[in-house]
Amino acid sequence: MAQKRVLVICGDFMEDAEVMVPFQALQAYGVSVDAVSPGKKAGDFCLTGVHQTPIHQAWSQFQAQCHIPSVVELVTKFASTRKPIASVCHAGLTLAAAGVAKGRKCTGFPTIRPVLIAAGAHWIEPDEAWERTVVDGNLITAVAYPGNPEFIRHFAKALGGKITGSKSKRILFLCRDFVEDYEVTVPFQSLKALGCHVDAVCPNKKAGDFCLTAIHDFEGDQSYSLKPGYDFALTANFDEVNASSYDALVVPGGRSAEYLALEESVLNLIRHFMECNKPIAAISQGPQILAAADVLNGKKCTAYPEAKLNVTIAGATWLEPDPIDRCFTDGNLVTGAAWPGHPDFIS
């Protein structure tokens, strides 16, 4: 996939998870990914929207994008060459405007159904979990961000990617309220897209409960700002976790880390993975928990700079995260400084 190049069409107030997860996941898989937006240039930013659940989403930037002739022309050109086109949620409106949906099976957010049907598409109803992806030749469409793993998996295959060996792998994520949104969601969905069995747990919570998240945004201030993220669904009961049944552990960052570091049951879990030499991936403030578990002595690692004191006092050799997207591997330990480093961190 290293020779593949993918273009992502963006605009202000696009759905956050529907751009961030595919963008960084494809980069992690070795794909070169560019993001563009009409009226903007390289280095500019697009604002994004966090809709708490897909059912609450009533507006998408693609309701505006589908009226921009240059966007419609671009999509039409890709369709004429039979290159893979992936569309999620409201983006199907652009497919309709470009005449791409005619005679094709497709899905999307329920409110775009009348437009897609009028454009000649064979509409496939969304499933209750909002995870459905429909593939019709070079056209891949999905309902909403809960379906990112299947959506990304089909798109990777359309690009010629082959997924082997990952279906037998079981990976555990440690969470708590106000875990960093990107640092749990992007790796979780990216690894699930590869076919891994991925579970997320939190002390004193059970499968089906949610953890609140926060987005750490880098806006040029002395530190990151905090913005509300998505509610993140847990998939297993913490008290019933059998650590020996998992092949790897992921420790996201966020304010959650300093509180998880106080939980002895969490520290014992981390010690198991380190003693068994299983892969542990910790990012941002996540290494604070590893320091509290006393598993960093003699290790080389990085973290978000505010956690430097924790890891060095724990006996680790500090690796400077300059730039902030740098990640490092030392034996079974993978560490990163912040979510901009996800592509390297995940790969």
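Of the charged side-chain nitrogens involved, none lies within less than 4.0 Å of a carboxylate oxygen, so that Arg132 and Glu150 do not count as a salt-bridged pair. Taking 4.0 Å as the cut-off between side-chain N and carboxylate O, Lys278 and Asp247 do not count as a salt-bridged pair. Salt-bridge check for Lys40 with Asp12: passed, with a basic side-chain N closer than 4.0 Å to an acidic carboxylate O. At a threshold of 4.0 Å, the pair Arg326-Asp344 does not count as salt-bridged, since none of the basic side-chain nitrogens sits closer than that to a carboxylate oxygen. Salt bridge absent: Arg176 and Glu258 never bring a charged side-chain N and a carboxylate O closer than 4.0 Å.
Side-chain N or O atoms of Asp330 include one that pairs as donor or acceptor with a backbone N or O of Lys300 at under 3.5 Å. One N or O on the side chain of Arg271 and one on the backbone of Ala293 form a donor-acceptor pair closer than 3.5 Å. Proximity of a side-chain donor or acceptor of Thr133 to a complementary backbone N or O of Ala142 within less than 3.5 Å is not detected. Put simply, the side chain of Tyr29 gets close to the backbone of Ser190: a donor and an acceptor are under 3.5 Å apart. Here the side chain of Thr107 pairs no donor or acceptor atom with the backbone of Thr141 at under 3.5 angstrom. The main-chain N or O of Pro114 is never found under 3.5 Å from a side-chain atom of Trp123 such that the two would form a donor-acceptor pair.
To the nearest 0.5 angstrom, Ile289 atom CD1 is 6.5 Å from Leu174 atom CG. Between atom CD of residue Gln288 and atom NZ of residue Lys308 there is a gap of 14.5 Å, rounded to the nearest 0.5 Å.
By the 6.0 Å and 45° rule, Arg170 stacks over the aromatic ring of Tyr246.
Of all heavy-atom pairs between Tyr230 and His51, the closest is CE2-O, 3.3 Å. Taking all atoms of both residues into account, the shortest heavy-atom contact from Cys175 to Ala200 is SG-CB, 4.0 Å.
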Yes or no on side-chain hydrogen bond (donor to acceptor under 3.5 Å, both in side chains) for Asp199 and Thr235, after CA distance, side-chain angles and deciding distance? CA-CA 5 Å; Asp199 278 325; Thr235 63; 2.8 Å; yes
Go through Trp318 and Thr302 one step at a time and tell me if the side chain to side chain contact (heavy atoms under 4.5 Å, CB included) criterion holds. CA-CA 6 Å; Trp318 176 255; Thr302 194; 4.1 Å; yes
Step by step, work out the side-chain hydrogen bond (donor to acceptor under 3.5 Å, both in side chains) result for Asp16 and Tyr182. CA-CA 10 Å; Asp16 191 276; Tyr182 296 153; 2.8 Å; yes
Take Ser284 and Glu180, measure what side-chain hydrogen bond (donor to acceptor under 3.5 Å, both in side chains) needs, and give me the verdict at the end. CA-CA 9 Å; Ser284 196; Glu180 208 288 327; over 6 Å; no
